[in-house]
There are 2 protein chains.
Amino acid sequence: MLDKTTAIPIYYQLKEWLRGEIASGVWKPGDLIPSERELSGKFGISRMTVRQALNELREDGLLRREQGRGTYVAEPKIEQRLTRLTGFTEDMQRRALQSGARVLRQMMVAAPAPVAHALRISQEKPIVLLERLRMAEHEPMAIESSYLHFTGMEKLLEEDFEDQSLYHYLSEKYGIIPTRAEQQVEAVQCHEGECKLLHIETNAAVLRNRRITYDQKNKPFEYTWSIYRGDRYIFYVELSLA
Amino acid sequence: MLDKTTAIPIYYQLKEWLRGEIASGVWKPGDLIPSERELSGKFGISRMTVRQALNELREDGLLRREQGRGTYVAEPKIEQRLTRLTGFTEDMQRRALQSGARVLRQMMVAAPAPVAHALRISQEKPIVLLERLRMAEHEPMAIESSYLHFTGMEKLLEEDFEDQSLYHYLSEKYGIIPTRAEQQVEAVQCHEGECKLLHIETNAAVLRNRRITYDQKNKPFEYTWSIYRGDRYIFYVELSLA
DNA sequence: GTTTAAAAGTGGTCTAGACCTCTAGCCCAT
DNA sequence: ATGGGCTAGAGGTCTAGACCACTTTTAAAC
């Protein structure tokens, strides 16, 4: 089940295997899973390696560990009702605004370190960069820089993304369904070049986002930086007691 | 500096020592701290033990690690997780920071129109306004203006909210459990008065939030405006396919 | 049977190595 | 000057042990 010859770390392979066992219902919430020493023996790997996998899954909220007792599958967080994952196009549709785009860059580039790390690929590996100026009602709204990595990504270079939703295209042509994303949002002053593109004053306040998007198999395929005009865009989020 | 005879784990002692060095300014944000092997030698402990301390501090947001380069003190940006409904106090505790508040206003006011609408009460009706300057490690972080409406709200005026969590108080004394919230986030330039209070430059970028909070019966009881320093805060949110 | 003590099993901490990838600086050949 | 390769040093992964704190089970003593 684990492949020691690949470049994928063993602890990561074990994490994915454990995730699968939980997701497929082999182990249900509250169940006791095999002990560190059992897993260590079963897969022929060191206990410390098993611990790294188990501890990271605990951080992710999938496991609960108790000294002397064992490791249990955690109760699922009642954290549903999360904010909906949408791309720019769908986001604008929900706001009843006409969306569009001007492609600024569409090329292969070497993956910058943080991107490579997030997408779990080796650094400097060539990936697709799609940079677009996003428009709402023909007025610039945001700058989106998406780094994409998946098999067949080269074909993205030949496609026209001025009028096309990236997420829609990915699900149609590649079966890649944006399923989950982790996003950071901060307020910064925009730089000169960005301001010009967005038609706002230099140093105006903008929302800067960083998003890592995962497909239906929980594989990260997109890393996106985006800059939204502070005077035109409000980010909406719904919170609930976990 | 580390005591191997006590029951306190070595990695934990090292964490506390590193926290101290950062807090006292020996190492400043962006500084390179000693390598794992240096720390391992300096304290006469194993490298794996050092790694446990460093990795946990990275999780806490105090360090940033780069393969091949080294370990750096992270920029003092506090990541506020919008994945669960939490208040300022709880967020600070997660990062082991001392939180506090200075009450700016604590009075009855006529409900402004948007507030009255959101809380589903008639306009101009008197409600409680609690305005606080929120502090982390004695440094101003945010301005929070909460409009509160529920039966018995008048007693809030007699309470001391300099050291007390509002959400905690509401659930303890009134059985009002913040269960759900709708929040809007935008980037704006701060106004003069706000900048002074927050100790930042005029027109600096800040995160402005509007939050409507509902209790366990889905009754809106709080409408909050808040301004978070853009240089010290970043919001984290998880998105998922409905 | 009940109580108590030992044993077995769990996760938590720790060691002293090993090899890997990646970065940066240095030096040499072009 | 510029590019390329080497190398030292950084963090990342992994091993095969060890002992500890704690819980559960078992077995012995009453």
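Throughout, protein chains are lettered first and strands after them, A, B, ... in sequence-line order, and every chain is numbered starting at 1. In this text the structure is predicted, and so the values were computed from the model without any measurement.
Remark: B:Thr71 is in phosphate contact with D:dG11, judged by side-chain N or O atoms under 4.0 Å from OP1 or OP2. For the pair B:Ser35 and D:dG9, the criterion of a side-chain N or O lying under 4.0 Å from OP1 or OP2 is not met. The side chain of B:Arg65 contributes no N or O atom lying less than 4.0 Å from OP1 or OP2 of C:dT23.
Rounded to an integer number of Å, the gap from A:Gln52 CD to D:dG11 C1' is 13 Å. For the pair A:Leu54 CG and C:dG12 C1', the computed distance is 13 Å after rounding to whole Å. Distance, A:His117 NE2 to D:dT13 C1': 12 Å, rounded to whole Å. Following rounding to the nearest Å, A:Asp3 (CG) and D:dT13 (C1') show an atom-to-atom distance of 15 Å. Whole-Å rounding puts the B:Arg51 CZ to D:dA10 C1' distance at 11 Å. Nucleotide D:dC14 holds its P atom 11 Å from the CD1 atom of A:Ile8, rounded to whole Å. Remark: C1' of D:dT13 and CD of B:Glu36 are 11 Å apart, rounded to the nearest angstrom. Following rounding to the nearest Å, B:Arg58 (CZ) and D:dG11 (P) show an atom-to-atom distance of 11 Å.
Side-chain proximity of B:Pro9 to the nucleotides D:dT13, D:dG11, C:dT13 is greatest for C:dT13. Checked against D:dG11, C:dG11, C:dC22, the side chain of A:Ser122 finds its nearest nucleotide in C:dC22.
Residues A:Asp91 and A:Tyr233 bring a donor and an acceptor atom of their side chains to less than 3.5 Å of each other. Side chains of B:Glu79 and A:Gln184: a donor-acceptor N/O pair is present below 3.5 angstrom, by distance only.
Residues B:Asp215 and B:Arg180 are not paired through a salt bridge, judged by the lack of any N-O separation under 4.0 Å between the basic side chain and the carboxylate. Contact check on A:Lys155 versus A:Glu158 returns no salt bridge, with no Lys/Arg side-chain nitrogen under 4.0 Å from an Asp/Glu carboxylate oxygen.
Backbone-only engagement by A:Glu38 is indicated by non-hydrogen atom pairs under 4.0 Å involving sugar-phosphate atoms exclusively. Note on B:Arg64: nothing from the nucleic acid sits closer than 4.0 angstrom, heavy atoms only.
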Discussion item. Each nucleotide in nucleotides 15-22 of chain D should get exactly one letter: B, S or -. Can you fill that in based on protein heavy atoms under 4.0 Å?
Written reply: BB-B--BB

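Identified under the ring-ring contact (aromatic ring centres under 6.0 Å, His included) test for residues 19-66 of chain A, with sequence neighbours left out: A:Trp17-A:Trp27, A:Trp17-A:Phe43. Residue pairs that meet the ring-ring contact (aromatic ring centres under 6.0 Å, His included) test with at least one member in residues 175-201 of chain A, sequence neighbours left out, do not exist here.
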Quick one: side chains of residues 103-113 of chain A, donor-acceptor pairs under 3.5 Å with protein atoms, not counting sequence neighbours, listed by atom name and distance.
unit_1   : atom_1 : unit_2   : atom_2 : d
A:Arg105 : NH2    : A:Glu131 : OE1    : 3.0
A:Gln106 : NE2    : A:Leu156 : O      : 2.9
A:Gln106 : NE2    : A:Glu159 : O      : 2.8

Enumerate donor-acceptor pairs with a distance under 3.5 Å from any side-chain N or O in residues 68-78 of chain B to protein atoms, sequence neighbours excluded.
unit_1  : atom_1 : unit_2   : atom_2 : d
B:Arg69 : NH1    : B:Glu66  : OE1    : 2.6
B:Thr71 : OG1    : B:Arg65  : NE     : 3.2
B:Lys77 : NZ     : A:Glu186 : OE1    : 2.3
B:Lys77 : NZ     : B:Gly230 : O      : 3.0

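Residues A:Phe161 and A:Leu166 form a side-chain contact, since some pair of their non-hydrogen atoms from C-beta on lies under 4.5 Å apart.
The rotation axes computed at either terminus of the helix from C:dG1-D:dC30 to C:dT30-D:dA1 lie 10° apart, taking five pairs at each end and rounding to 10 degrees.
Toward the 5' end of DNA chain D, the nearer of the two residues B:Gly70 and A:Tyr11, judged by each one's closest nucleotide, is B:Gly70. Residues B:Glu56 and A:Ile121 each lie close to DNA chain C; by heavy-atom proximity, the contact nearer the 5' end of the strand is made by B:Glu56.
For the pair A:Arg120 and A:Tyr12, the cation sits on the ring face: its NZ or CZ lies under 6.0 Å from the ring centre, inside 45° of the axis.
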